[in-house]
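Take a look at the structure below.
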Amino acid sequence: MKRRLDEAYPDAHCELDFRTPLELIVAVVLSAQCTDKRVNEVTPALFSRYPTATDYAGAQRAELEELIRPTGFYRNKASALMGLGAALVERFDGEVPAKLNDLVTLPGVGRKTANVVLGNAFDVPGITVDTHFGRLVRRWGWTDLEDPVKVEQAVGELIPRKEWTMLSHRVIFHGRRVCHARKPACGACPLARDCPAFGAGPTEFDEAAKLVKGPEREHLLALVADA
DNA sequence: ATCCCGAGGG
DNA sequence: CCCTCTGGAT
């Protein structure tokens with residue numbers, strides 16, 4: 001049985017369709033509470049209609065909302081995209097900045113979105129701690145790492161910088177396909193042998209994870225690295 | 001009926 | 001800190 005995520009998911013990658021940093025940041029904003037598949041269905045028309053930051057800044061709200069409606073939260077997302085376009089035009093010459101500290105100042109862009117953009121549009125290694133990553137960490141008993149920033153720091157110390165982006169994809173992919181929030185598919189889990197909560201039923205899974213002392217953090221290496 | 005790859009606002 | 005925002009999948 002596969003035990004490491006790099007063996008289990010050798011081809012993990014960003015599943016959003018994009019060609020430029022602007023397209024990616026827009027796609028990531030739309031991906032909140034929505035499947036990548038759905039996002040990829042609306043983005044072709046969206047990108048065609050709004051090719052530049054200026055286009056988002058000057059968008060007709062109703063039209064923009066209509067284009068992104070299937071992704072949910074469409075009013076919030078439309079506001080975010082319009083504000084995003086305006087901020088890019090005003091402060092970054094209409095270009096998406098390639099620095100974390102700049103990205104997080106943009107409307108609709110938080111830590112998660114910023115890291116996805118850095119890692120996938122700019123090849124800047126980034127650890128993307130989303131709810132999946134956080135959940136996995138919790139289930140593995142690293143209760144001292146509840147804060148996403150702490151996770152990023154701890155993982156950053158253990159994993160070579162070069163692998164941060166791929167690590168994020170693998171963990172996120174694993175969280176989506178196997179280690180779900182609700183009914184984890186432990187039977188299909190490549191990490192089951194090392195999992196503190198393995199053996200508990202779906203209902204008690206998270207309770208079991210709380211009670212068991214987690215493995216050493218170095219086991220994180222078993223989750224990912226080719227290193 | 002309930003949950004989900006987030007971020008902003010009160 | 002808790003609340004809200006939405007459609008779609010299950």
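Atom name P, nucleotides C:dT6 and B:dG10: the rounded distance is 15 Å, in whole Å.
Within the 3.5 Å criterion, the main-chain N or O of A:Ile159 finds no donor-acceptor partner in the side chain of A:Glu163. Checked by atom type and distance alone, the side chain of A:Asp6 never pairs as donor or acceptor with a backbone atom of A:Met166 at under 3.5 Å. Looking at A:Asp55, its side chain does come within 3.5 Å of a backbone N or O of A:Thr52 through a donor-acceptor pair.
The side chain to side chain contact (heavy atoms under 4.5 Å, CB included) check on A:Thr131 picks up nothing, with sequence neighbours excluded. A:Phe47 is linked by a ring pair (Phe, Tyr, Trp, His ring centres under 6.0 Å) to nothing, counting only residues two or more places apart in sequence or in another chain. Contacts of A:Phe133 classified as ring pair (Phe, Tyr, Trp, His ring centres under 6.0 Å), with partners at least two apart in sequence or in another chain: none. With sequence neighbours excluded, the residues satisfying side chain to side chain contact (heavy atoms under 4.5 Å, CB included) with A:Cys186 are A:Pro184, A:Phe198, A:Phe205.
Counting any heavy atom pair closer than 4.0 Å across all strands shown, A:Ala80 reaches no nucleic acid atom.
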Identify the pairs formed between an N or O of the protein and an N or O of nucleotides 6-10 of chain B at a distance under 3.5 Å, and give each distance.
| from | atom 1 | to | atom 2 | distance (Å) |
| --- | --- | --- | --- | --- |
| B:dG6 | OP1 | A:Thr131 | OG1 | 3.2 |
| B:dG6 | OP2 | A:Gln33 | NE2 | 3.3 |
| B:dA7 | OP1 | A:Gly110 | N | 2.9 |
| B:dA7 | OP1 | A:Thr113 | N | 3.1 |
| B:dA7 | OP1 | A:Thr113 | OG1 | 2.3 |
| B:dG8 | OP1 | A:Gly108 | N | 2.9 |

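Heavy-atom contacts of chain A under 4.0 Å fall on DNA chain C between two terminal nucleotides, which in 5' to 3' order are C:dC5 to C:dA9.
Taking 4.5 Å as the limit, every side-chain heavy atom of A:Tyr50 sits out of range of all side-chain heavy atoms of A:Leu81.
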